[in-house]
Amino acid sequence: MKLLVCISQTPDTTAKISFNPEGTDFNAAGVQFIMNPYDEWYALVRACELRETLGGTVVALHVGTVANETTIRKALAIGADEAVRINRDPKSAADTAKQIATYAAAENFDIIFFGKETIDYNGSEVGAMVAEYLQLPYVSFASKLSLNGSTATMERDIEGGVEELEVDLPFVVSAAKGMAEQRIPNMRGIMTARTKPLTEIQPVDFEAPSTLVQFTLPPAKVGVKLIQPDDMDELVRLLHEEAKVI
Amino acid sequence: MVLVFVETPRGLLKKTAFEAVTYAKKTADLLGTSCVALTLGSVSNAGELGRYGASRVLNIPGDALDQLDGQVFSAAISEAVGKLEASVVILSHTSTGKTIAGRLAVRLNAGLISGASALPTVAGSALHIKKGVFSGKAVAEYEIKSAIKVISLMGNAVKPEVSADAVAVEPLSVTLTKSLIRVKATKTQEGVVPLSEAEIVVSAGRGMKDPSNWGIIEDLAATLGATTACSRPVADSDWRPHHEHVGQTGIAIRPNLYIAVGISGAIQHLAGVNSSKVIVVINKDPEAPFFKAADYGVVADLFDVVPRLNDAIKKFKAAN
Ligand SMILES: Cc1cc2nc3c(=O)[nH]c(=O)nc-3n(C[C@H](O)[C@H](O)[C@H](O)COP(=O)(O)OP(=O)(O)OC[C@H]3O[C@@H](n4cnc5c(N)ncnc54)[C@H](O)[C@@H]3O)c2cc1C
Ligand SMILES: Nc1ncnc2c1ncn2[C@@H]1O[C@H](COP(=O)(O)O)[C@@H](O)[C@H]1O
């Protein structure tokens, strides 16, 4: 079993979001970054579980600069066998996908895991893009994944329901809630992570077809209007006449 | 030409379909071109899409297209894009759309903006598109420069608008590739509007004390024609099904109206709901952080106020 897990990091939800004065760059100073929960809790853990029962290797892959190595070390502490960092600060999902696909094309992984989406941009783009570059099937938002020989049985979330399906190795999958239970790295994991291989590789050139123009902050809420608990007719009136939502 | 891929789960046109066509029509108007809708597999009433502004409605027939496979779908849509010389492709930012959009962008060498929250603006041969990022804490504006542009539209970002008449559906034939995914079974809940599409959501948290108390929430939701949701600890303790969990680690939603009952408003919860147009918070604690994110608030015991709100809405509905 050769498993690849693509790991991203995002600002912690409690982080204060700010930009440079021109609004062209995210201000990372003082921001706490975390591993993207879908990548960490579901994709990585399920990949480690499969390796534990079937043998093989789990490679954690991150496209990012050396500043992000804490996140990669955490993936190793949770259970990845080795890590690869493609040294590039990707400016778009398209760039990230190109880098991942170029690396993975030469490696013949059985399963390439993604998270359902990153919680900062919610794009859900990278997994589908990599699958297309590699011409592999892509099962999005899988909430269950088990393997029987070279066939995987999965459940995936679809609009208003769940679908059960089968697909043969190799394939690309994105992990949704339910695929595994979050693991907290233990002391032994943290210690061994220091000795596990972390390889840096160089990115390929890529000119993104879309670019960021500007970040802006949304207008602040004007403040809550409090309604007396004994006057629900007033709330209904406001929702109808002022907010126009009912 | 603007081509809009219209997803038709189980052969049906949903609200997302009308939103996507409305958005595509308005984008086509901005570009001074026409809007063509594309459906795959068996669909009933696809001609209806004409009413939302599609000048033509095309259908690629084939049983294989009745189950979702992004690989097969994106190959078929790309071929249609080529044949019709479309320069912009619009999809919905739903689980189906997300499965296809990235593949389509790679195939077409196109720039992709997913989860667009507003109409594009035209800048020469480029398009500028906005979307919400960082859990609604900021808005990002992007430019797509490639010859073909792919945009996926966030749910509830535009209101469906009828602007013309229904049209006849024309078949379109393309080469269909074989699916490598074998669908065994599909479990859906019919009759309930999925959270991602719901215009009104009634959501409740740990303040409910016990799962047996949810009747008042369900009644309120039924009166409003709303979908129910919950906070994470509620789903984690199996008080409510997991698909109701909204927030950073659940689903992100943006309904027109979000009513939060007995939810404190932790930042991870807000991350999934603060793009809602209007937020009503019912909580007995005036210091609950949710009030800072709310438009309307009621400081009271939920067990007392929710039934009264339900009665007030019933009265309003009866009178209107
Ligand atoms: C990494 C991470 C991710 C998370 N992701 C999510 C997520 O996706 N979604 C999510 O919801 N949470 C998430 N959480 C949890 C989040 O931090 C909060 O713990 C959770 O949202 C609290 O749920 P609650 O508001 O239902 O419960 P509580 O915080 O216990 O709040 C209950 C509220 O009910 C009110 N109340 C009690 N009784 C009454 C009454 N009789 N009448 C009126 N009001 C009453 C109380 O005043 C209180 O404000 C996450 C946490 C972490 C660390
Ligand atoms: N910089 C990155 N390095 C490695 N994997 C990434 C990176 N960014 C995104 N991914 C993967 O792609 C998934 C979807 O991201 P997105 O398309 O941005 O929502 C994430 O859950 C990760 O698995």
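Labels below follow one simple rule: chain letters A, B, ... track the order of the sequence lines, proteins then strands, and each chain is numbered from 1.
Using a 4.5 Å heavy-atom threshold, the side chains of V278(B) and K244(A) count as separate. Within the 4.5 Å cutoff, the side chain of R232(B) has no heavy atoms near those of the H269(B) side chain. Contact of the P185(A) side chain with the K74(A) side chain is registered, since non-hydrogen atoms from C-beta on lie closer than 4.5 Å. The side-chain heavy atoms of H62(A) and N68(A), taken from C-beta on, include a pair separated by under 4.5 Å. Counting heavy atoms from C-beta on, the side chains of F206(A) and T102(A) never come closer than 4.5 Å. When side chains are defined from C-beta on, Q99(A) does not count as touching P90(A), because their heavy atoms never get closer than 4.5 Å. In this structure the side chain of K91(A) never reaches within 4.5 angstrom of the side chain of T211(A), judged on heavy atoms. Using a 4.5 Å heavy-atom cutoff, the side chains of L50(A) and L145(A) are in contact.
Within the 4.5 angstrom heavy-atom criterion, atoms from both the backbone and the side chain of D233(A) approach chain B. If you measure heavy-atom distances from R237(A) to chain B, you find no contacts under 4.5 Å at all. For A126(B), no part lies under 4.5 angstrom from a heavy atom of chain A. Interface remark: E197(B) contributes side-chain atoms only to the contact with chain A (heavy atom separation under 4.5 Å). When heavy atoms are compared at a cutoff of 4.5 Å, H245(B) approaches chain A solely by way of its side chain, counted from C-beta outward. If you measure heavy-atom distances from S74(B) to chain A, the contacts under 4.5 Å come from the side chain alone. For Y133(A), the parts sitting under 4.5 Å from any heavy atom of chain B are the backbone and the side chain alike. Heavy atoms of P137(A) lying under 4.5 Å from chain B belong to its backbone as well as its side chain. Proximity to chain A (any heavy atom under 4.5 Å) is restricted, for K277(B), to the backbone atoms N, CA, C and O. If you measure heavy-atom distances from S135(B) to chain A, the contacts under 4.5 Å come from both the backbone and the side chain. For chain A, the nearby part of V280(B) is the side chain; its heavy atoms alone come within less than 4.5 Å. With a threshold of 4.5 angstrom between heavy atoms, I158(A) approaches chain B through its backbone and through its side chain. At a 4.5 Å heavy-atom cutoff, K14(B) makes no contact with chain A through either its backbone or its side chain. Both the backbone and the side chain of Q135(A) come within contact range of chain B, with heavy atoms under 4.5 Å apart. Using a 4.5 Å cut-off between heavy atoms, I100(B) makes no contact with chain A at all.
Among residues two or more places apart in sequence or in another chain, the side chain to side chain contact (heavy atoms under 4.5 Å, CB included) test is passed with K225(A) by L238(A), E242(A), Y296(B).
Among P37(A), P218(A), A94(A), G161(A), the residue with the largest count of heavy-atom pairs under 4.5 Å with chain B is P218(A). When each of G297(B), A312(B), G132(B) is checked for heavy-atom pairs under 4.5 Å with chain A, G297(B) comes out on top. The residue among R182(B), R107(B), K131(B), K137(B) with the most heavy atom pairs within less than 4.5 Å of chain A is R182(B). Of the listed residues (T96(B), V299(B), L68(B)), the one with the most heavy-atom contacts under 4.5 Å to chain A is L68(B). Of the listed residues A300(B), A140(B), G70(B), the one with more heavy-atom pairs under 4.5 angstrom with chain A than any other is A140(B). Chain A forms more heavy-atom pairs under 4.5 Å with one residue of A110(B), P194(B), A271(B), S114(B) than with any other, namely S114(B). Comparing D157(A), V213(A), V130(A), L165(A) by how many heavy-atom pairs each has under 4.5 Å with chain B, the most go to V213(A). In terms of non-hydrogen atom pairs under 4.5 Å with chain A, the most contact-rich of N256(B), V305(B), V183(B) is V183(B). Here P229(A) is the residue among G178(A), A93(A), P229(A) with the most heavy-atom pairs under 4.5 Å with chain B. Ranked by heavy-atom pairs under 4.5 Å with chain B, the list L235(A), I246(A), L217(A), L212(A) is led by L212(A). Between chain B and the options T153(A), D231(A), L136(A), the largest number of non-hydrogen pairs under 4.5 Å is found for L136(A).
A salt bridge links K187(B) to E164(A): one of the charged nitrogens lies within less than 4.0 Å of a carboxylate oxygen.
Expressed to the nearest 0.5 Å, how far OG1 of T186(B) lies from CD of Q67(B) amounts to 8.0 Å. The structure places CD1 of I259(B) at 6.5 Å from CD1 of I282(B), a figure rounded to the nearest 0.5 Å.
A donor-acceptor pair is defined here as one N or O able to donate and one able to accept, closer than 3.5 Å; such a pair exists between the side chain of T227(B) and the backbone of V193(B). Of the possible polar contacts, one joining the T96(A) side chain to the S92(A) backbone as a donor-acceptor pair under 3.5 Å is found. Side chain of S146(B) to main chain of G111(B): a donor-acceptor pair is present (N/O by atom type, distance under 3.5 Å, no hydrogens or angles). A donor-acceptor distance shorter than 3.5 angstrom exists from the side chain of N156(B) to the backbone of R254(B), with no hydrogens or angles considered.
Contact between Q9(A) and T71(A) at its shortest, heavy atoms only, is OE1-OG1, 2.5 Å. Scanning both residues, P120(B) and I151(B), for their nearest heavy atoms gives CG-CD1, 4.4 Å.
Inspection of non-hydrogen atoms places T13(A), T14(A), A15(A), I17(A), F19(A), F26(A) of residues 13-32 of chain A under 4.5 Å from chain B. Using a 4.5 Å cut-off between non-hydrogen atoms, the part of residues 105-129 of chain A that approaches chain B consists of K116(A), E117(A), I119(A), D120(A), Y121(A), N122(A), G123(A), S124(A), E125(A), A128(A), M129(A).
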Steps toward side chain to side chain contact (heavy atoms under 4.5 Å, CB included) verdict (T16(B), H93(B)):
CA-CA 9 Å; T16(B) 45; H93(B) 195 53; over 6 Å; no
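The neighbour count for K2(A) NZ, taken as heavy atoms of other residues, nucleotides or ligands under 6.0 Å away, is above 12. By the neighbour-count criterion of 12 heavy atoms within 6.0 Å, atom CD of E181(A) is sparsely surrounded, having that number or fewer from other residues, nucleotides or ligands.
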Got a list of side-chain donor-acceptor pairs under 3.5 Å for residues 286-295 of chain B, not counting sequence neighbours?
from	atom 1	to	atom 2	distance (Å)
D295(B)	OD1	K221(A)	NZ	3.2
D295(B)	OD2	K221(A)	NZ	2.8
D295(B)	OD2	I279(B)	N	2.7

